[in-house]
Amino acid sequence: MPGADNRIRGLLRPGPLQVRGQILSQLNWEEVNIFSWQLLYNPLARTPKPFAGISFFAASACKIVSVKIVTRFAPSPTGALHVGAARTAIFNWLFSASLGGDFLLRIEDTDRARSEEKFERQIIESLKWLGLEWQGEIVRQSERLDTYGRLAERLIDEDKAYRCYVTTEELGRRREEAKEKGEVFRYRREWSQLGAAPGKPYAVRLSVPPGEKISVEDLVRGGIVFNSSEIEDFVILKADGFPTYNFAAAVDDAQMDISHVIRGDDHIINAPRQILIAEALGFSKPKLAHVPMILGADGKKLSKRHGAESVTEYRLRGYLPEAVLNYLVRLGWSFGDQEIFTAQELIEKFSLKGIGKSPSVFDPQKFLWLNGKYLRDLPEESISEKIVPLITQKGLPRPSSERLCKVVAQMRERSETLNAIVDQSLYFFTDDFEYDEKAAEKFLVERNGEIFTLLAEELSNVEDFSHDNIHGGFERVMQRTGLGLGKIAQPARVALTGSTKSPGIFDVVEILGRDTVALRLARAIDFISSRIA
RNA sequence: GGCCCCAUCGUCUAGGGGUUUAGGACGCAGCCCUCUCAAGGCUGAAACACGGGUUCGAAUCCCGUUGGGGCUACCA
C-alpha cells in the first residue's frame, strides 16, 4: 500500500484528535509525525505518553484513511496444529482484529508427500476451538497450480527464471563434494543446461543477480540486510509442477492483498527470497514481522517434527481454549505486568510493540497454572457441560446436573484441568472405587470401626441432609467419642472417597447423599472386619 | 563451515541513560487459614552473560568476546 503514510499524514493535522466524538488529544506537529509513522506499524517507534492506547488510535485512524489491514495464517497440513504455529495464528488474528482488518486462512499443501486432508481438518478444528475466526474462503495452494505455472512461465519468458534439468541426486552429490572441500555450493545459471534433454522433467529456478543488497524491513527487529550473492538460484517450481514454498507464498501474499505477514523467526531467511520473487513479478510486498520462536525446555526449537505438542492434544487433556489463547499470546508478547487477558482485552491491547526479540521457552507448569486460574473463573454450569462427555466416556451414567454442579464447585479449586476434575472426583459418580492402599492401612483400622458405626447412626438422624446439619452430626460423634474433628473426618474421608484427599468432609457427605453415605460406611465397617479376620 | 537472529531471576517477562536497594507472574521455601488436599492471603530466596568503550552517570547506547538458536532442500 504505497503512499499510505502520506495519506495518513494528509489527514492527521495538528489540533484536536477526535475519535467517536471524543477529543482524545491535542496533537502538535511532532506528534502528528510520530503518529503517522506509527500507523505504518513500526513498533520500534516509541509511543509518546499521550498515546498509550496505540492500537485503538491506529484502528480509528485506519478507518479514517481506509488502509486495509489483511493478515493471514498459512499452515501446511503436515501435522496437527502445534503450539508454535497456533501462536503465530493468534498474533496475526489479533493484529488484524485490533486494527479492524481481515484475517485470512491459506492452506499450504504443496508438499504432496506429506500433506494430508485429515491434518487440514484438524488444524481448522483447532483454530475454531481457539476462537480464531477467519474471513472469506479458505485458499488452498494445491488448487492454484495453474496460476503458479503461468507465473513461472512468465518469468522464464522474461528471462528472470530458467529451466533446470539437473536431478536432485546430482545436486546432492555436488553439495557433498563442495562440503568436503569446505566450500559452499550455490546453484548458478551456468549449470542450467546440464543434462538438458527434450521432454526431460525440469524444475524452474529464479535467476538471482549476485552482489545486490536486499534489505528487509522487519517490524519486530528492524532492518536486516542480506547479500544476494549468498542466495543461490533457488527453485520456484518443482519438477512435479508444484510451486515451492517461497514462490507460492510470495505469489499468494500479493494476490490475496496481504498487508502484514507475522510469522516465525525461522522464516527470516525466506524474506529476501520472497522479496526477490515479488520484485521479479512486479508484485506488492507485504510488511514483515518475524516473531521469535518457542523453544522446548532443552532450548531447542519446539516443532511438530520433533513431536511437539499440539493444540488438539491440550484440548484432549482438558485445557480450556481461553487459557491456551492466553498462555500462548503471553509467550513472547507482553503488556506491562498483566498476565490474564480476555480475548476482547487482547484485541484492544495487542500491538507488535509488545513482541519481544528473544525466543521463549515453553513452560508447561505456568500453562497448567493459568488453565487452573481460568477453571476457577468459569461458571459452574459451563464447566459441568464440558465435563459430562468426559464422565460418560468412562462408561459412567450421566449424573444429574444438580449433583454435577456441586461437584464442580468443589473440585475446580483443586484441579487444573477438566480431565483432572473428573479423574479426582470419580467417587462422586460411582460406588465402584478402590481404597487407596496406604490410606486404608492407616485409617480403615479396628478402632475406627466404632466411629463409623456412630457416624452412621448420627447421620441417619439428621433430617435435612445439608452441610450445616451434617456438621451437627459430626459434632455429636465428637462429643460421644471425645475426639477432635480431624480424628473423625479423615477416616470418614477414606471410607467415603477411598482417599485422604477430597473436598471438605461435610460437602462430600452432602453431595453423596444419605443413602450412599450409609452404604459406604457399612462397606468400610465390613472391610475392617474382613481385614481383622 | 557460511549466512542470519538473540542475550534481565530456573522459566515467562517489566524496564529503553539518573525515578532501581532492578518490578510482576509461574515454580520453589516459610507462615497464616484449616477436617485432608487444594484454593486464597502474607513473607522470603532468586537475574541485568563477560570485556572494553561513550557519558558526570549504563541493565538501558556502541564495539568485541562468549554462549544459545535458526537457516543452509525440487520441506514448509
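First the proteins, then the strands, lettered A, B, ... as listed; each starts at 1.
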Atom pair distance, as rounded to whole Å: CZ in A:F362 and C1' in B:rU13: 16 Å
Upstream residue (5' side of RNA chain B) when A:L331 and A:Y165 are each assigned their closest nucleotide: A:L331
Atom-pair distance (CG on A:N326; P on B:rU13), nearest Å: 13 Å
Qualifying residue for salt bridge (Lys or Arg N to Asp or Glu O under 4.0 Å) with A:D233, from A:R205, A:R273, A:R189, A:R188: A:R188
From SG (A:C405) to CD1 (A:I511), nearest 0.5 Å: 10.5 Å
Assigned partner base of B:rU36, Watson-Crick or wobble definition, under 3.5 Å: none
side-chain hydrogen bond (donor to acceptor under 3.5 Å, both in side chains) partners of residues 481-492 of chain A, not counting sequence neighbours, each pair once: A:Q490-A:R493
Contact state string [nucleotides 33-43 of chain B, B base, S sugar-phosphate only, - no protein heavy atom under 4.0 Å]: --BBBBSS---
Donor + acceptor pair across side chains of A:R144, A:Q255 (<3.5 Å): yes
Separation of atom CD in A:Q338 from atom P in B:rG15, rounded to whole Å: 14 Å
Expected output: side-chain A:K160 to main-chain A:A280 donor-acceptor under 3.5 Å: yes
Partner nucleotide of B:rG10 by Watson-Crick or wobble geometry (both distances under 3.5 Å): B:rC26
A:F185 six-ring centre to A:R175 NZ/CZ under 6.0 Å and within 45° of normal: no
A:Y162: ring pair (Phe, Tyr, Trp, His ring centres under 6.0 Å) partners, not counting sequence neighbours: none
Ring pair (Phe, Tyr, Trp, His ring centres under 6.0 Å) against A:F429, all qualifying residues, sequence neighbours excluded: none
Parallel, tilted or perpendicular: ring planes of A:F362 versus A:F367, cut at 30 and 60 degrees: perpendicular
Residues in contact with RNA chain B, drawn from residues 167-182 of chain A - heavy-atom cutoff 4.0 Å: A:T168, A:R175
Any-strand Watson-Crick or G-U partner of B:rC3, both distances under 3.5 Å: B:rG70
Partners passing ring pair (Phe, Tyr, Trp, His ring centres under 6.0 Å) against A:F73 (at least two apart in sequence or in another chain): none
Any residue meeting ring pair (Phe, Tyr, Trp, His ring centres under 6.0 Å) with A:F234, in chain and number order, not counting sequence neighbours: none
Which residue lies more 5' along RNA chain B, comparing A:N246 with A:S360 via nearest heavy atoms: A:S360
Whole-angstrom distance between B:rG53 and B:rA59, as gauged at atom P: 15 Å
Would you list the protein and nucleotides 28-32 of chain B atom pairs, both N or O, that sit under 3.5 Å from each other?
none

Check: A:G318 main-chain N/O paired with A:N419 side-chain donor or acceptor under 3.5 Å: yes
Nucleic acid contacts - residues 418-426 of chain A versus RNA chain B, non-hydrogen atoms under 4.0 Å: none
Nucleotides 2-9 of chain B: protein proximity per nucleotide (B base, S sugar-phosphate only, - neither; heavy atom, under 4.0 Å): -SSSSS--
Protein-nucleotide distance (A:L370, atom CG; B:rU11, atom C1'), rounded to Å: 14 Å
Ring centre gap for A:W369 and A:Y327 strictly below 6.0 Å: no
Whole-Å distance separating the CD atom of A:E232 from the P atom of B:rC74: 6 Å
Who pairs with B:rC50 - Watson-Crick or G-U, where each distance is under 3.5 Å: B:rG64
Sugar-phosphate, base or nothing in reach of A:V329, heavy atoms under 4.0 Å: nothing
Carboxylate-amine/guanidinium proximity below 4.0 Å for A:R480 and A:E458: yes
Distance-only polar pair, side chains of A:Q141 and A:D252, donor-acceptor under 3.5 Å: yes
A:H82 backbone acceptor or donor facing A:S310 side chain under 3.5 Å: no
Base-pairing assignment for B:rG16 (Watson-Crick or G-U wobble, both under 3.5 Å): none
Within the 6.0 Å centroid threshold, strictly below: A:F335 and A:F350: no
Between A:D109 and A:S142, a side-chain donor and acceptor under 3.5 Å: yes
Atom pair distance, as rounded to whole Å: CD1 in A:I277 and P in B:rA76: 12 Å
Integer-rounded Å distance: B:rG68 P and A:D266 CG: 20 Å
Whole-Å distance separating the CZ atom of A:R87 from the P atom of B:rC12: 11 Å
Sugar-phosphate, base or nothing in reach of A:M411, heavy atoms under 4.0 Å: nothing
Return the polar atom pairs (N/O with N/O) between nucleotides 21-24 of chain B and the protein under 3.5 Å, or none.
from, atom 1, to, atom 2, distance (Å)
B:rG23, N2, A:D337, OD1, 2.9
B:rG24, N2, A:E339, OE2, 2.9

Sole residue of A:R221, A:R263, A:H267 in side-chain hydrogen bond (donor to acceptor under 3.5 Å, both in side chains) with A:H290: A:R263
Any A:T110 side-chain N or O less than 4.0 Å from OP1/OP2 of B:rA76: yes
Closest nucleotide among B:rC74, B:rA76, B:rG69 to the A:R205 side chain: B:rC74
Side chain to side chain donor-acceptor pair (under 3.5 Å) partners of A:E475, counting only residues at least two apart: A:H471
